[in-house]
Amino acid sequence: MRKTGDDYFDSEEFREMLAEYEDAVNTGQPVFMDADELAEIADFYHMTEHYDEADDAINLALSLSPGAIAPLTYKIHEALWNGNTDEAKDYLDQIIEKDDPDYVYDKAEIMLAEGDVEGADRYFRDELKNVAPDEYQDYVIDVANIYADYNYPDKAMLWMSRAQQEESPEFKELMARILFGMGNYKDSQRLWGELIDTNPFSKQYWNALASTQFMNEDYSGSVESSEYAIAIDPDDPEGLLAKANGLYRLNNFEEALKYYQRYSEHIPDDEFGLMHQGTCLINMGRNDEAIDILAQAIQTAPEDSPYLGDIYQEMAFAYSEEGDTEEALSMLDLADSHDADEIQTQVVRGHIMLATGQLRRAQHYFRQAVAASENPNQTLLRIIVSIYDNHYLEAAYNLFKKYFKVLPANCDDGYAYMALTCYDLKRYDEFLDYLKTACERNPRECQIALAHLFPDDVEPKDYYNYIKERM
């Protein structure tokens with residue numbers, strides 16, 4: 001049986017219990033298990049996306065033990081996942097064991113799902129007074145875990161500060177997740193590394209490390225970590241997606257496409273994977289194929305998908321590259337109707353106008369974007385890059401000169417793009433000056449803008465030194 005990455009579900013103890021249950025079900029024999037065991041089996045089925053089997057196990061548990069907290073907690077979580085807090089409250093009322101800590105957790109989770117974060121916190125603190133001293137550690141860690149699950153890392157960290165420090169994997173995992181949620185990727189990465197040292201065959205740890213490295217903009221490291229997860233489980237969707245995302249950020253669109261495709265083979269109804277296949281194809285100049293796969297992403301995506309606006313924007317790029325300006329603008333109108341980034345949409349409109357030589361209309365959209373932007377310098381940089389991409393090199397050069405005059409001293413963006421512009425204009429002295437600054441201040445941008453000028457084995461921070469050594 002395929003590994004799940006969960007230590008308990010992959011354990012021999014659980015697999016024996018699961019085999020006993022499935023043997024009884026398949027042969028029509030009575031199932032001699034309690035509600036807790038059946039709830040665990042349902043959790044396993046749910047985790048492995050066997051939802052009908054999960055429902056069967058939970059319904060059996062409730063028929064055998066009406067009011068039991070474990071199966072009702074499962075039903076509460078299912079209702080909350082579906083956004084139905086009233087149904088969750090109905091299940092909560094059916095619980096008999098109201099003095100069980102899980103009842104407290106269930107009630108507070110419903111409050112969190114309703115957005116009453118402070119109310120949940122008061123409830124947790126009030127119930128803490130009733131917790132026995134020998135259960136204190138478990139309680140505060142469980143509360144921190146709930147806050148982490150609901151994406152309140154600051155609250156989670158506050159509750160973790162009440163706990164005694166442990167060296168257990170469970171404690172470190174939770175702390176690593178909380179630090180990740182707080183944006184402290186460096187310390188989160190360190191903890192995932194320590195966990196891997198103790199269990200190097202955990203794909204969960206390798207995937208978590210890959211995600212942390214990705215957020216820390218260590219894309220090469222993220223790809224390498226995801227490869228370990230894939231080596232452990234070649235069909236692991238999380239590992240495949242992590243590697244695809246890392247390769248994409250490294251501008252290796254051909255390889256990224258392969259891994260997005262492999263991911264979509266396992267998760268075919270995820271529009272995110274399909275959207276990024278389309279983006280890779282656009283970057284590879286295969287716009288007809290991109291349009292087809294993006295259309296598939298639109299068909300797959302639910303109406304409330306947060307990616308629909310982005311998908312329509314990518315469709316606009318593809319149609320624009322194919323010279324179909326009318327259809328490209330139509331896609332941007334659809335992007336607007338799906339709450340796409342208004343500033344980005346205006347920049348894309350300007351880009352499309354530039355591509356068709358309509359300079360005045362391009363200028364109109366660019367001005368609108370800058371005027372509406374909360375970060376006008378960042379928006380201006382996007383516009384200048386669009387002007388460069390449309391081969392207006394002198395215009396891009398002159399705008400960069402103005403851009404750097406108003407750029408705050410602590411902003412490191414734009415130098416690599418200016419270096420590229422100077423290179424194309426054969427202004428090599430200026431190219432070197434801007435390249436040096438870019439390597440010192442923003443190697444990530446160097447990789448995006450300049451990687452095609454250098455061998456793959458040269459680190460972006462070393463681009464300037466690489467050239468100087470050969471001059």
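Small disclaimer: the values here were computed from a predicted structure and weren't measured.
Using a 3.5 Å distance cut-off with no hydrogens or angles, the side chains of Tyr263 and Asp270 do pair a donor with an acceptor. Side chain to side chain, Lys98 and Tyr103 fail the donor-acceptor criterion of an N or O pair below 3.5 Å. A side-chain N or O of His77 and one of Glu109 form a donor-acceptor pair less than 3.5 Å apart. At a cut-off of 3.5 Å, with distance as the only test, a side-chain donor of Gln204 or Glu173 sits close to an acceptor on the other residue. One side chain, Ser168 or Glu166, offers a donor N or O that lies under 3.5 Å from an acceptor on the other. A donor-acceptor contact under 3.5 angstrom links the side chains of Glu87 and Asn84, judged on distance only.
Pairs engaging residues 27-53 under the salt bridge (Lys or Arg N to Asp or Glu O under 4.0 Å) rule: none recorded [sequence neighbours left out]. Among residues at least two apart or in separate chains, ring pair (Phe, Tyr, Trp, His ring centres under 6.0 Å) pairs with a member in residues 327-352 are Tyr312-His338, Phe317-His351.
Taking the charged nitrogens against the carboxylate oxygens, Lys243 and Glu238 have no contact shorter than 4.0 Å, which rules out a salt bridge. A salt bridge links Glu255 and Lys258; the closest N-O separation between the charged side-chain nitrogens and carboxylate oxygens is under 4.0 Å. In summary, Arg262 and Asp235 do not engage in a salt bridge, as defined by a charged side-chain N under 4.0 Å from a carboxylate O. Between Arg444 and Asp413 there is no salt bridge, since no side-chain nitrogen of the basic residue lies less than 4.0 Å from a carboxylate oxygen of the acidic one. With respect to the salt-bridge test (charged N to carboxylate O, under 4.0 angstrom), the residues Asp121 and Arg125 qualify. Between Glu114 and Lys89 a salt bridge is recorded (basic side-chain N to carboxylate O distance below 4.0 Å). Under 4.0 Å is where a charged nitrogen must lie from a carboxylate oxygen, and between Glu118 and Arg122 no such pair does. Salt bridge Asp333/Arg349: present, at least one basic N to carboxylate O contact under 4.0 Å.
Residues Phe253 and Tyr248 bring their aromatic ring centres within 6.0 Å. Not less than 6.0 angstrom separates the ring centroid of Tyr8 from the ring centroid of Phe44.
Annotation: Asp456, atom CG; neighbour count of heavy atoms from other residues, nucleotides and ligands within 6.0 Å does not exceed 12. Counting non-hydrogen atoms of other residues, nucleotides and ligands closer than 6.0 Å to CD of Glu254 gives a total of 12 or fewer. Residue Tyr228 places its OH atom among 12 or fewer non-hydrogen atoms of other residues, nucleotides or ligands, all under 6.0 Å distant.
Atoms CG and CG, from Leu191 and Leu209 in turn, are 11.0 Å apart once rounded to the nearest 0.5 Å.
Scanning all heavy atoms of the two residues, the minimum distance from Glu20 to Phe32 falls at OE2-O, 4.4 Å.
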